[in-house]
Amino acid sequence: MGLKKYVVVPPMEGALEILREIAGNMWFSWNIEAVDLFDHLDERLWEGTNHNPLQTLVKLSSHRLGEIQQDVGYKAYAERVLQRFRSYVRSTRSYEYRLEEPIDFTTAYFSLEFGVTESLPVYSGGLGLLAGDHLKSASDLNLPLVGIGLMYQEGYFRQSLSPEGWQQEYYPRTAFDTLPIEKQTDAAGNTLIISVELAGEPLWFRVLRVMVGRVPLYLLDADISENSPHMRSVTARLYGGDMEMRIRQEILLGIGGTKALKAMGIEPATYHLNEGHAAFTLFERMRYFIQEEGLSLEEAKEMVTSQSILTIHTPVPAGNDVFDRGLMEKYFKKPVEDLGMNFDSFLGLGRRRPQDYSEGFCMPVLGLRMTTRANGVSRLHGRVTRDMWHEIWPNANMDEVPIFPITNGIHIPSYISGDLHKLCDRYLGPGWTEDPDNEKIWLRTDQIPDTELWRVHERCRARLVNFARKRLIKQYVHQGASAREIQSVENMLNPEALTICFARRFATYKRATLLFREPERLAAILGNPDKPVQLIFSGKAHPADDYGKELIRRIVQHMKEEPFLNRIVFIEDYDINVARYLVQGADIWLNTPRRPLEACGTSGMKAAANGALNVSILDGWWDEGFLGDNGWAIGSGEEYDNSVYQDDIESRALYDILEESVRPLFYDRGDDDLPRGWIRMMKRSIGTICPVFNSHRMVSDYIEKCYVPAARAYRELRMDNFAVLKEMVAWEKGLKSDWGKIRVKDVSIKNAFDALKGKMVEMVVRVDTAGHKPHEFKVELLHGPVDLWDNFKVRHVVRFQPDPSMQSNGDVLFTGQIELSDTGRYGYVVRITPDNPNMPLSRSLDLVHRS
Ligand SMILES: *Cc1c(COP(=O)(O)O)cnc(C)c1O
C-alpha cells in the first residue's frame with residue numbers, strides 16, 4: 001500500500017476563488033492579464049513554481065493571503081479577467097460557419113508530447129510545442145478537436161551542468177496534485193480505467209483531462225495501483241528507455257488512446273497523427289471496423305485510411321521509430337492473427353518495400369500507407385520527405401508522391417512579451433490575436449512609433465539579461481562555485497549590447513559551435529568596446545548524445561575564458577520559460593542547421609514576433625520566410641557533400657553578415673540614440689512573418705486541406721451502412737485484377753506538328769480500358785521542359801476527357817488540348833490512374849500507368 005497524499009488548499013474566498021477558477025484552465029498561459037494576476041500574488045513564488053498557478057496559490061503565505069483578500073483593487077481586476085475567461089470558454093462561435101457546406105469534422109489529435117506551458121512538463125522540444133500551439137489555435141478558432149497524449153510522471157529530463165560544462169540529467173517527479181487535471185469518470189462516476197494488452201499482459205491506465213481553453217487534452221496515465229511496478233513505469237518518462245519501452249508507449253498512445261476516445265463517447269471524424277508515433281491507432285481502428293462493424297479487412301483498411309492524417313517532422317530516415325521483427329512479433333503477432341490477417345502482410349505495411357524482410361517496421365511508413373493525407377512541415381521539408389518516401393509509391397513520379405507541405409506556425413500570444421502585447425493591442429487592434437493570418441492587420445505595425453517599439457524591446461533585452469544573471473547565480477551556487485565567481489555574474493552581459501541568441505536542441509546538424517570556427521574573428525566581433533556584441537546559448541543534448549554534450553562543454557569553456565568572458569553565457573535547462581525570455585529579449589536569433597536537415601524550426605518565428613531579426617541558413621521555414629529585407633540569410637540555399645568545406649564557407653558568410661550588416665545597422669544611431677534602420681527592419685520582419693507563420697493559419701490549412709476533406713470522405717463511405725465503401729472496394733478489386741490489361745495504345749497530335757509558341761495543340765489518347773467505363777479513370781497528360789540529358793520536369797498536368805463520338809474497336813479515345821507556351825524542348829507522358837472521389841490519393845497512386 002503506497003502512501004496516500006492530499007493537498008491542503010487555502011480557503012478560497014473573494015479574489016482567490018476567482019483565481020482558482022482561472023488556474024483550472026491553461027488559458028491563463030496565453031493571457032497576459034491572467035499571468036499578471038498570479039505574478040502579482042508573489043513574484044518569487046510564481047517564478048519559483050515555474051509559473052504554476054495552483055502551486056503558487058497553495059504555497060502562498062498566510063500573510064500574503066490576508067493582504068490579497070483585503071485588496072479591493074486586485075479583486076476588481078481579477079473579476080475582469082474572470083469575465084474575459086468565461087466569455088472565451090463559453091463562446092459558441094464555432095468554426096463551422098466558415099464552411100460553405102457545414103460538416104462535423106471532430107478531430108482527434110495524437111501526439112507523444114504536448115508543450116502547452118512550462119508547468120505541464122510533457123514535452124521535450126519543437127514537436128511538442130507545435131502540438132501545444134495546435135491545440136491553442138484550435139481552441140481560439142473553436143474547433144471540434146481533442147488532444148491525446150501521455151502523462152509522464154517524470155516528464156523529459158532536466159538539465160544541469162557540471163563545473164566543467166558536462167551535461168547532467170535528472171528527473172524530478174511532477175506534482176500532479178497541483179496541476180489543473182481532472183480524472184475522467186465513467187457513467188457511474190467512478191474513475192475511468194481502461195486497459196490495452198502488452199504481449200498478453202494488461203496495461204491499465206486512467207485518463208486525465210487538461211483544458212487548453214475550450215479544447216480538452218486527454219493524457220493517459222499508467223501509474224496506477226492496478227498495474228505492477230513494471231507496468232506503471234510505461235508512463236514514467238518521455239522518450240525514456242529502450243525500443244521496447246518505446247513500443248509500449250506507442251501502443252498505449254495509439255491503441256489505448258483510441259480506446260479511451262471510445263470509452264468517453266467521442267467519435268472523431270478524422271484522426272490526426274502528429275508524427276508516426278501514434279500510428280498504432282490505425283491498427284486499433286482496423287480492428288474496430290472488422291470486429292465491431294463486420295467489415296472485411298480491405299474495407300476496414302479503406303475506412304481507416306479515409307479518415308486519417310499524418311504529419312511528418314523528420315528529414316532523415318534515422319530519425320524514425322523502427323521496430324525489429326522480434327518486438328513486433330512479441331506485441332503484434334497474436335492481435336494481427338486474431339483479425340484474420342497474415343502477420344507478414346501486416347509487417348509489410350511498415351516497410352518501404354513490403355517484400356523486403358530485412359527491413360524493420362517503420363511507424364511513419366505504416367502512417368503513410370494508411371492515411372489519406374500526409375504532410376511535411378515546410379515547403380522545403382515537403383520536397384525532402386517526398387524524396388525520402390518515394391519508394392513507397394514506385395509507380396509515382398517524385399512530384400506526385402502524396403506528401404504535401406503545411407508549414408508550421410506559432411501561437412503568437414503565447415510567446416510575445418507582455419509589453420509588446422499591449423503595444424499590439426493599442427496599434428493593431430484586437431485582430432492580431434483573433435485573426436492573425438490577416439496580413440492587413442500586421443501592416444499596421446508601421447504605425448507603432450519607433451520610440452515606443454524600441455523602448456519595449458530594450459526593456460525585454462534588459463529583462464533577459466537580468467534573468468540570465470539570476471539563472472547563472474543559481475547555476476554557480478549549485479556547482480559549488482566560490483563567492484568571487486558568483487559575484488562575477490554581476491559583470492556578465494550588458495543590457496544595452498547587441499544580443500545574439502542561439503537556443504535549441506544540441507543535435508549535431510544544428511552546429512551550435514559554428515560561430516567558434518575562427519575564435520579570433522568572433523572575439524573581434526564581440527570585443528569592440530564601442531559596439532559590444534554578446535551571445536546567449538541554451539539547449540539540451542539528448543542524454544545518449546555525447547557529441548551534443550561535448551558541444552555544450554566547449555561553449556561553457558569559452559564562457560569562462562578570455563576573450564569571451566562576460567560576453568558569452570550558457571543558460572541551463574532550456575524550457576518554454578527560458579525560451580520566452582530569449583525570444584523576447586534577443587536582437588538576433590541565430591540558426592545554423594545543415595540544410596536541409598531542419599524540417600521547419602519555430603523558435604525563429606517566436607523571435608520574429610517579438611521584433612528580433614533572424615540570421616539563418618535558408619533551411620526549414622526560413623527558406624520561405626526570408627524575403628531579402630526582413631532578416632539575413634547565410635548563403636543562398638546551397639547543399640554540400642563536404643561538411644568541413646561547408647562549415648568553412650558558411651561560418652565565413654556568417655562572420656561577414658555580423659561584421660558588415662548586423663553590427664553597423666544596430667549601432668547606427670541618430671541624435672535620439674534610436675537605430676532607425678534597424679527598427680524599420682524589425683517592423684518589416686514582424687509585418688511579413690507574423691501573418692504567415694502563425695498557428696491559426698496552420699490550423700486553417702489543416703482544416704481545409706485535411707480535416708474537412710477527410711471528414712467528408714469518411715461520412716460518404718459510411719453512408720447507407722457502408723454501401724458506398726463496399727461498392728468502392730469491390731470496384732477497386734476489379735480494377736486491380738484488370739490493371740495489367742489496361743494500357744495506352746497510342747497518342748497522336750491532331751492538328752499538324754510544327755509546334756509554335758502560343759499555339760493550342762489538340763491530342764488524342766487511345767486507351768484499352770479492358771472493358772471498364774471511361775469515367776473509372778483519370779487520363780492526364782503531364783508535360784514540361786526536357787533538358788539535354790532528357791530529364792523531364794512536369795510543369796503542367798492536363799486532364800483529358802473521353803470523347804464518345806470517336807469510340808473505335810472497343811478502345812476509348814480521350815482528347816485534350818495543351819498550350820505551347822514557351823519555346824524550347826518539351827516532353828510529355830500520359831498517365832492513367834483510377835478515378836473515384838472517395839479513394840484516398842495514397843491508394844490511387846498504387847495503380848498508375850504511364851506511357
Ligand atoms: C519553440 C521551441 C522549440 C522549437 O524551436 P526550434 O526552432 O525547432 O528549435 C524547442 N523548445 C522550446 C522550449 C521552444 O519554445
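Counting starts at 1 for both ligands and their atoms, in listed order. It should be emphasised that the depicted structure is a prediction, and the values quoted were computed from it without experimental measurement.
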Value for CD1 (Ile686) from CG (Asn630), rounded to nearest 0.5 Å, stands at 11.5 Å
Polar proximity ligand 1 side, Ser124 side, N/O cut 3.5 Å exclusive: no
If the cut-off is 4.0 Å to any non-hydrogen atom of Ala579, which atoms of ligand 1 fall inside it? 13 (C), 15 (O)
Sub-6.0 Å ring centroid separation between Tyr109 and Tyr702: no
Quick check: does any side chain N or O of Ser137 sit under 3.5 Å from a backbone N or O of His134, one acting as donor and the other as acceptor? no
Do Gln479 and Ser160 have side-chain atoms, one donor and one acceptor, less than 3.5 Å apart? no
Donor-acceptor pair, distance only, cut-off 3.5 Å: does the side chain of Gln167 make one with the backbone of Ala541? yes
Hey, which atoms in ligand 1 end up nearer than 4.0 Å to a heavy atom of Leu129? 2 (C), 12 (C), 14 (C), 15 (O)
At less than 4.0 angstrom from any non-hydrogen atom of Gly601, what atoms of ligand 1 do you find? 7 (O), 8 (O)
May I have the step-by-step check of side-chain contact (heavy atoms from CB on, under 4.5 Å) for Glu624 and Ser378, ending in yes or no? CA-CA 8 Å; Glu624 62 200 270; Ser378 66; 3.6 Å; yes
Proximal atoms of ligand 1 relative to Gly126 (non-hydrogen, under 4.0 Å): 3 (C), 4 (C), 10 (C)
Pick one: which of Phe506, Phe537, Tyr476, Phe564 meets ring-ring contact (aromatic ring centres under 6.0 Å, His included) with Phe570? Phe506
Do Asp575 and ligand 1 have an N or O pair less than 3.5 Å apart? no
Using a heavy-atom cut-off of under 4.0 Å, does the side chain or the backbone of Lys606 touch ligand 1, or both, or neither? side chain
Can you name the atoms of ligand 1, numbered from 1 with element, that are less than 4.0 Å from a heavy atom of Tyr574? 11 (N), 12 (C), 13 (C), 14 (C)
Can you sort out which atoms of ligand 1 are near Arg504, meaning under 4.0 Å from one of its heavy atoms? 9 (O)
Would Lys606 and Asp133 pass as an ion pair if we require N to O under 4.0 Å? no
Please confirm whether Glu598 comes within less than 3.5 Å of ligand 1 when only nitrogen or oxygen atoms on both sides are compared. no
I need the nearest protein heavy-atom contact for atom 6 (P) of ligand 1: residue, atom name and distance, please. Ser603 OG, 3.5 Å
